[in-house]
Amino acid sequence: MLILKDFGISFADRNLLEGINIEIPEGTVFHLKGPNASGKSSLLNAISGIIPEYVQAKTTGDLIWNNIDLQTIPLKEKHHYLWHQLSDTEAQIFFPDCISELAFALENMAIPSEKIWERVNLATQQFGLSNLLYRDPSTLSGGEKKLLLCAIAETIDPPILLLDEPLNGLDNRAVKLVLKWISDKKEQGKIIVVVDHNPIIETLADFSFILADNPQLPKTDIAFISNNYLNIADNLGYQINPNTDILYQIEELNFAYPQSKPLFTKLTVEIGSKQNILLTGNNGAGKSSFLKLLAGLIKPLKGKIYLGGKLMQGLDTKNFEYIYYQSQITKENLLGISVAQNWLFWQLAIKQLPDLPLKDDPLFTELSAGQQKMVSQQILPQLLSKFWILDEPFASLDKDAGTKLLQLLQYKSKKHPGMLIVSHSLEEHNDMFDRVLTIRNHFLQEETK
């Protein structure tokens with residue numbers, strides 16, 4: 001049994017959590033819920049030892065598993081007891097190929113090489129990753145990275161699993177794989193603590209524990225999505241729309257990562273400057289890579305991409321006269337180290353940008369994953385007339401923030417059409433889109449609406 005008794009976490013002079021009393025028996029799925037910034041990820045960090053050994057914070061109370069005080073176990077030894085899957089996959093992947101990621105912990109546990117291969121093969125087959133063993137993890141899709149971390153957990157097979165947003169960015173097939181894996185771990189008597197805004201977790205959970213919003217903590221202002229604010233932004237008039245109906249012309253596009261099969265083969269499509277497009281496809285189909293190609297962050301192996309009638313030659317700041325791109329990785333969309341600094345950098349780029357009202361100026365490291373995502377999206381209403389290219393914009397957002405973002409996208413689609421979005425959360429809202437495109441079998445296919 002995992003026991004938290006009178007447990008608390010504080011950062012400097014701010015109490016994040018206090019008086020937490022939880023008992024989680026073996027063979028249990030425990031769903032930890034709460035709004036963004038309520039302390040869910042921090043509680044997992046404290047259980048795993050990231051707090052206070054890596055993140056400077058103070059803990060109080062007891063943290064016991066089977067009469068073992070987990071707070072006395074060094075972080076480097078915690079893999080004998082638990083696996084902590086972070087919401088930020090980038091922070092947990094280090095090696096140049098997937099096989100090294102999968103084998104690393106087992107090698108440090110002195111597992112014989114033949115057993116390592118056996119565990120790795122079984123885990124990769126379970127999550128459909130057998131063909132990715134020698135791929136650079138940085139070339140995997142967000143969903144594939146999530147599955148890779150699940151496969152690592154399966155190879156280690158500890159008694160406690162701490163899973164932070166394990167369903168983020170997964171297609172329906174991958175969601176079913178992860179849910180079955182969690183169910184299997186429960187049957188094996190594991191303790192599984194899950195943080196995820198996806199309500200489907202409730203179908204597996206034996207217990208739920210809700211963390212309340214904490215008024216002492218820094219907040220991110222999301223009032224920028226209100227209709228009144230948008231009406232003001234509409235009148236600023238400094239965004240640039242392309243002077244052509246066709247924004248992108250893509251001809252005979254081929255692309256593949258090293259040591260992998262082609263993602264696209266002779267892909268040809270036109271994208272209108274005022275079209276609202278939903279891009280769908282399985283994890284690993286190439287959705288995020290397609291968006292990076294359109295932004296100029298990577299180059300095609302063959303074929304041509306024209307933006308506003310001009311042949312793209314890779315990354316060019318002039319591309320952003322037409323488009324605004326946001327990566328699936330939130331940290332790549334943030335500037336500087338704090339909320340105010342992020343906005344200041346935008347003001348240097350856009351002279352007419354108004355000041356952002358702030359009650360305080362938290363560092364990004366003090367914010368939850370959902371809060372960081374909201375900070376990155378604060379610029380969106382100021383760029384309404386650009387063509388938006390957004391990769392999984394709903395990831396890590398709680399219900400309230402997700403609803404506000406949906407309202408913004410609906411506003412954009414009607415008043416300032418022009419966006420291409422990858423999101424598994426929007427497949428039931430395709431009424432706001434003119435086109436639904438699916439990457440399937442290396443080609444881009446138009447779906448019938």
Side-chain angles (χ1 to χ4, degrees), residues 17 20 22 24 27-44 47 84-89 127 142-143 145-147 149-150 153 161-187 190-214 220 222 225 278 280 282-283 328 330 368-374 377 390-410 421-432:
L17 300 171
I20 300 294
I22 299 172
I24 310 175
T28 296
V29 176
F30 186 88
H31 188 195
L32 188 59
K33 303 195 296 184
N36 291 136
S38 58
K40 303 182 299 295
S41 294
S42 292
L43 186 55
L44 295 191
I47 296 172
H84 182 185
Q85 182 170 316
L86 304 176
S87 62
D88 179 8
T89 57
F127 291 101
K145 290 174 184 175
K146 287 283 186 183
L147 294 178
L149 294 181
C150 290
L161 295 170
L162 308 176
L163 308 178
D164 198 348
E165 302 280 3
L167 303 183
N168 253 355
L170 297 187
D171 59 33
N172 291 333
R173 178 195 66 87
V175 167
K176 291 177 182 178
L177 284 176
V178 173
L179 292 178
K180 183 180 185 308
W181 174 63
I182 293 173
S183 180
D184 290 345
K185 295 294 108 180
K186 173 183 172 179
E187 292 297 319
K190 310 294 184 182
I191 294 172
I192 306 107
V193 184
V194 184
V195 169
D196 207 295
H197 295 294
N198 192 327
I200 199 170
I201 289 294
E202 299 287 357
T203 63
L204 286 181
D206 300 286
F207 303 100
S208 294
F209 190 89
I210 302 175
L211 297 178
D213 189 25
N214 189 331
T220 50
I222 53 174
I225 294 180
L278 178 65
T280 68
N282 293 334
N283 292 134
Q328 185 175 356
T330 304
S368 70
Q371 285 181 302
Q372 289 182 25
K373 176 72 80 171
M374 285 187 279
Q377 293 170 351
L390 308 180
D391 197 352
E392 294 289 356
F394 289 88
S396 299
L397 296 183
D398 61 24
K399 184 177 180 180
D400 181 62
T403 298
K404 286 180 167 56
L405 176 60
L406 179 61
Q407 292 170 354
L408 174 61
L409 295 178
Q410 290 171 332
I421 299 179
V422 169
S423 175
H424 297 290
S425 302
L426 287 175
E427 293 179 5
E428 60 186 51
H429 297 284
N430 64 9
D431 55 312
M432 81 169 75

* Give the minimum heavy-atom separation between Val178 and Cys150, together with the two atoms involved. => CG2-SG, 4.1 Å

* To do: Tell me, please, which residues at least two apart from Asn282 pass side-chain hydrogen bond (donor to acceptor under 3.5 Å, both in side chains).
  => none

* Any luck finding a side-chain donor-acceptor pair between Asp206 and Thr28 under 3.5 Å? -> no

* Taking all non-hydrogen atoms of both residues into account, name the closest pair between Leu278 and Ser423 and its distance. => CD1-O, 3.9 Å

* Would you say Glu202's side chain and Pro199's backbone share a donor-acceptor pair under 3.5 angstrom? -> no

* Asked: Can you check side-chain contact (heavy atoms from CB on, under 4.5 Å) on Leu408 and Lys404, steps first, answer last?
  -> CA-CA 6 Å; Leu408 174 61; Lys404 286 180 167 56; over 6 Å; no

* Asked: Hey, is the main chain of Asp196 close enough, under 3.5 Å, to the side chain of His31 for a donor-acceptor pair?
  -> yes

* Hey, could you give me the CD1/OG distance between Ile210 and Ser38, rounded to the nearest 0.5 Å? => 10.0 Å

* Plane angle bin for Phe30 and Phe207 - parallel if under 30°, tilted between 30 and 60°, otherwise perpendicular -> tilted

* Under a 4.5 Å cut-off applied to non-hydrogen side-chain atoms, are Asp164 and Leu86 in contact? -> no

* To do: Identify the heavy atoms of Pro166 and Val195 that sit nearest to each other, and give their distance.
  => CD-O, 3.5 Å

* Heavy atoms, side chains only, cut-off 4.5 Å: are Leu397 and Met374 in contact? -> yes

* Just wondering, do Leu405 and Pro393 contact through their side chains at under 4.5 Å, heavy atoms? -> yes

* Calculate, to the nearest 0.5 Å, the distance between atoms CG and CG belonging to Leu177 and Asn283 respectively. => 9.5 Å

* Separation between CG of Asn172 and NE2 of His424, rounded to the nearest 0.5 Å -> 8.0 Å

* Got a second to check how far Leu409's CG is from Ile421's CD1, nearest 0.5 Å? -> 4.5 Å

* Taking NZ, NE, NH1 and NH2 as the nitrogens, is one of them in Lys40 or Glu165 under 4.0 Å from a carboxylate oxygen of the other? -> no

* Please test Leu179 against Ile201 for side-chain contact (heavy atoms from CB on, under 4.5 Å), starting from the C-alpha separation and ending with a verdict. => CA-CA 8 Å; Leu179 292 178; Ile201 289 294; 4.1 Å; yes

* Check whether any side-chain heavy atom of Pro35 sits under 4.5 Å from a side-chain heavy atom of Asp400, and report yes or no. => no

* Below 4.5 Å, heavy atoms only, C-beta onward: do Lys186 and Leu204 meet side chain to side chain? -> no

* To do: Evaluate the criterion side-chain contact (heavy atoms from CB on, under 4.5 Å) for residue pair Thr89 and Lys146; output intermediate values, then yes/no.
  => CA-CA 7 Å; Thr89 57; Lys146 287 283 186 183; 3.8 Å; yes

* Decide yes or no for Ile182 and Leu163: does some side-chain heavy atom of the first lie under 4.5 Å from some side-chain heavy atom of the second? => yes

* Sequence neighbours left out, what passes side-chain hydrogen bond (donor to acceptor under 3.5 Å, both in side chains) with Asp88? Give chain and number order. => Lys331

* Inter-residue atom distance Asp398.CG - Asn36.CG, 0.5 Å rounding -> 3.5 Å

* Passes side-chain contact (heavy atoms from CB on, under 4.5 Å), Leu43 versus Phe209? Steps please. -> CA-CA 12 Å; Leu43 186 55; Phe209 190 89; 5.8 Å; no

* Would you check if there is a donor-acceptor pair between the side chains of Ser87 and Asn168 at a distance under 3.5 Å? => no

* Asked: Going from CZ on Phe394 to OG1 on Thr403, what distance comes out if it is rounded to the nearest 0.5 angstrom?
  -> 8.5 Å

